[in-house]
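Data first, discussion second: the structure below is written as structure tokens.
Here is how names work: the chains are called A, B, and so on, in the same order as the sequence lines, proteins then strands, and each is numbered from 1. Here the structure is a predicted model, which is why all the values come from computation and not from measurement.
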Amino acid sequence: MTNTEIAKILEEISEYLDVSNDGFRSRAYGRAAATIASLDREATDIYREEGQKGLESIPSIGSGIAEKIEELVTTGSLHYLDELKTKLPVNVQELTAIEGVGPKTIKTLYTQLHIKTRDDLEKAAASGSLRALPHFGEKTERKILKSIEFLKQSKGRFLLGDILPIASKIEVRLKKIPGVRHVAIAGSLRRRQETIGDIDIVASSKEPQKMIDAFISFPEVVHIYGSGATKANVRLSLGIDADLRVVHDKEYGAALLYFTGDKQHNIELRKIAIEKGWKLSEYGLFKGNKLLAGATEEEVYHKLGLEWMPPEIRTVSGEIEAAMEKRIPRLIPYGSIKGDLQVQTSWTDGTASIEAMTDAALAHGLSYIAITDHTKSLTVARGLDEKGLARQAREIDALNKKFLKKKFRILKSAEVNILKDGKLDIADTALKKLDLVGVSVHSHFGMSEEEMTARIITALKHPLVNILFHPTGRLIKKREPYKVDILKVIKAAKHYGVALEVNAYPDRLDLKDTHIRLAIEHGVKLVVDTDAHAPEHGKFLDLGVAQVRRGWGSKTDVLNTQSVSDLLKEIKRIKNSARRMPTGTEC
DNA sequence: GCCGTTTTCGGCCCGACTGTTTTCAGTCG
């Protein structure tokens with residue numbers, strides 16, 4: 001049983017306990033779930049090697065939860081969860097996913113109207129029977145229906161960050177099977193789309209059957225839809241489907257191209273082939289029966305008169321024309337971020353100390369981080385006030401002395417809250433003492449587009465602001481972005497010398513590929529950061545890099561691909577050149 | 001259920017906002 005699976009079960013318990021009005025116990029399970037999910041070692045291994053005591057040495061795991069994990073890894077099920085489900089036969093996860101529906105609402109819905117599922121709730125809301133309940137009205141009904149509609153649209157898709165590690169693990173395992181020549185993850189995963197429908201894997205092997213047999217007997221496989229001589233289609237325990245296709249070496253490139261997509265990109269390539277009197281399929285590029293190309297993607301593209309291009313930009317958004325004219329950009333390479341610029345610590349809502357986050361960043365190969373704890377008006381996170389920032393600065397100074405010999409620098413920063421009127425919640429005198437000032441919106445998400453745009457631009461105008469964090473505020477599959485005119489924000493960012501954040505956290509990725517491309521076209525600089533709240537989150541950086549690649553970004557578009565001294569110089573330069581812009585060019 | 005440099009018992013994030021009310025319950029971060 002993987003950490004993800006254990007965490008999912010603990011999280012489920014947490015949600016049942018929350019509905020049962022056992023808040024503290026619920027939070028204990030929630031914390032445990034988060035800890036297990038971001039653990040670097042498999043809990044199963046820890047238990048096997050060190051027993052229950054080993055599990056108890058993990059923070060937030062005590063004897064009670066260690067016992068539950070023991071039962072899970074030894075029996076595969078958990079009596080306690082079954083009991084909770086019997087007592088409250090309600091699909092809590094499905095219902096809490098609906099915005100505005102929390103534990104209390106679920107309890108009321110169940111006791112008053114016997115609502116157990118999202119479908120039950122949708123029917124009740126549509127028929128107008130919810131408004132009879134206390135504290136429910138027409139507006140709430142509409143909100144619930146809208147949220148259900150939104151959830152339906154994203155149904156069946158998974159976050160890239162959740163699936164990539166599992167797919168990579170399967171890829172590594174497949175590569176070890178005798179007879180194998182090539183293995184690659186294809187499909188939307190290879191294109192690094194934000195959400196993934198299923199896992200496509202393409203391979204070539206001298207002994208296809210061996211690969212198929214091994215694949216369908218992997219421990220994650222819970223159901224086999226079909227399995228033949230060259231392909232298999234299975235469901236994995238996470239609920240996602242995975243396809244493996246095994247081809248001959250000479251077809252491998254064409255198959256990889258075909259299964260990578262996207263669909264429209266393939267159609268355009270086939271059109272080009274047809275124009276030349278050829279035919280392109282997953283088996284290769286053919287003139288009649290003669291194979292013209294197929295072993296590698298490169299030779300197929302070249303034969304069609306195109307430059308090879310990275311999968312991330314195969315979306316029919318100008319990449320084919322660019323490939324014809326040999327002007328495919330050099331995209332920012334994975335692993336090229338030198339410092340994480342959004343890091344929360346236990347000073348506010350992070351789980352670890354500044355030192356622990358620094359150690360983690362060093363382990364991830366970084367040479368600097370910016371500590372960006374929340375500020376005072378974000379009371380939920382116990383945001384820092386001016387005095388708090390000053391105290392934190394002293395700790396950072398001391399740590400910088402310690403980490404000097406490792407050539408690592410901790411930057412003083414903050415995720416400064418943008419108030420309703422666009423003003424910042426920290427005094428300028430305190431902001432001036434920071435190396436970098438990041439700002440973001442954390443409240444009043446329901447403003448009109450005009451108001452929200454004006455509010456953000458007011459913040460960007462502030463002469464000390466360097467980075468706009470969370471430019472859209474979306475949570476993929478959970479919350480739509482707030483209404484904001486992103487083009488106006490981009491223009492303002494350019495005008496006032498502010499960089500835009502590409503948030504790499506798996507369900508955030510605030511800026512979409514199209515936004516990033518737009519920003520780059522307008523000459524706005526980007527920063528890629530993880531929004532880390534725990535040491536393990538540093539591993540998300542490349543998800544942000546993927547997003548920049550999908551937006552056609554190169555290394556020079558991203559400020560924190562530079563050394564810390566160059567970064568600070570560049571930030572200052574951008575700000576100064578913005579100040580010198582003539583008036584009248586503002587937005 | 002977890003945790004401990006005032007504690008092995010008694011705390012545990014709490015204020016703003018929304019939609020509903022006409023003083024407040026529930027959600028969110």
**Asked** Glu56(A) near the nucleic acid: base, sugar-phosphate alone, or nothing, with a heavy-atom cut-off under 4.0 Å?
**Response** nothing
**Request:** Using the C1' atoms only, state how far dG26(B) lies from dT21(B), rounded to an integer number of Å.
**Result:** 13 Å
**Prompt:** With a non-hydrogen cut-off below 4.0 angstrom, is Pro134(A) in contact with a base, only sugar-phosphate, or nothing?
**Reply:** nothing
**Message:** So Ser443(A), base contact, sugar-phosphate only, or nothing? Heavy-atom distance under 4.0 Å.
**Reply:** nothing
**Asked** For Lys539(A), does the NZ atom sit with more than 12 other heavy atoms under 6.0 Å from it, leaving out its own atoms?
**Response** yes
**Message:** At 4.0 Å (heavy atoms only), tell me whether Ser63(A) reaches a base, stays on the sugar-phosphate, or touches nothing.
**Reply:** sugar-phosphate
**Request:** For dC17(B) versus dC12(B), give the span between their P atoms, rounded off to a whole number of Å.
**Result:** 24 Å
**Request:** Please work out if Lys68(A) contacts a base, only the sugar-phosphate, or nothing of the nucleic acid, heavy-atom cut-off 4.0 Å.
**Result:** sugar-phosphate
**Message:** Between dT5(B) and dG1(B), how many Å separate the two P atoms, rounded to a whole number?
**Reply:** 23 Å
**Inter-nucleotide P distance (dC13(B), dG4(B)), Å rounded** = 14 Å
**Complete:** Contacted region of DNA chain B by chain A, from 5' end to 3' end of the hits, cut-off under 4.0 Å to heavy atoms, spans dG1(B) to dG29(B)
**Message:** Taking NZ in Lys376(A) as the centre, count heavy atoms belonging to other residues, nucleotides or ligands within less than 6.0 Å. Is the count above 12?
**Reply:** yes
**Asked** Are side-chain heavy atoms of Val343(A) and Asp340(A) found at a separation under 4.5 Å?
**Response** yes
**Prompt:** Across the strands shown, which category fits Ile61(A) at heavy-atom distances under 4.0 angstrom: base, sugar-phosphate, nothing?
**Reply:** sugar-phosphate
**Request:** Give a yes or no on whether a salt bridge exists between Glu50(A) and Arg41(A), defined as a side-chain N under 4.0 angstrom from a carboxylate O.
**Result:** yes
**Prompt:** Which residue pairs pass the side chain to side chain donor-acceptor pair (under 3.5 Å) test with at least one member in residues 119-137 of chain A, sequence neighbours excluded?
**Reply:** Thr117(A)-Asp120(A), Glu122(A)-Lys152(A), Ser127(A)-Ser129(A), Arg131(A)-Glu141(A)
**Fill in**
Exactly one candidate in His470(A), Lys420(A), Met452(A), Met447(A) meets side-chain contact (heavy atoms from CB on, under 4.5 Å) with Val441(A); the answer is Met452(A)
**Request:** Can you tell me the pairing partner of dG4(B) across any strand shown, Watson-Crick or G-U wobble, with both distances under 3.5 angstrom?
**Result:** dC9(B)
**Request:** Could you classify dT7(B) for me, syn or anti, using a glycosidic angle within 90° of 0 as syn?
**Result:** syn
**Prompt:** Starting at the 5' end of DNA chain B, which residue's closest nucleotide do you reach first, Leu133(A) or Gly62(A)?
**Reply:** Gly62(A)
In residues 68-76 of chain A, what donor-acceptor pairs under 3.5 Å come from side-chain atoms, sequence neighbours left out?
from: Glu70(A); atom 1: OE2; to: Tyr47(A); atom 2: OH; distance (Å): 2.7
from: Glu71(A); atom 1: OE2; to: His79(A); atom 2: N; distance (Å): 2.9
from: Thr74(A); atom 1: OG1; to: Glu70(A); atom 2: O; distance (Å): 2.6
from: Thr74(A); atom 1: OG1; to: Glu71(A); atom 2: O; distance (Å): 3.4
from: Thr75(A); atom 1: OG1; to: Glu71(A); atom 2: O; distance (Å): 2.6
from: Thr75(A); atom 1: OG1; to: Ser77(A); atom 2: N; distance (Å): 3.2
from: Thr75(A); atom 1: OG1; to: Ser77(A); atom 2: O; distance (Å): 3.0

**Message:** I'd like the C1' distance from dA25(B) over to dT20(B), given in whole Å.
**Reply:** 9 Å
**Prompt:** How far, in whole Å, is dT6(B) from dC2(B) if one measures between their P atoms?
**Reply:** 24 Å
**Given DNA chain B, 5'-ward residue of the pair Arg27(A) and Lys104(A), judged by closest heavy atom** = Arg27(A)
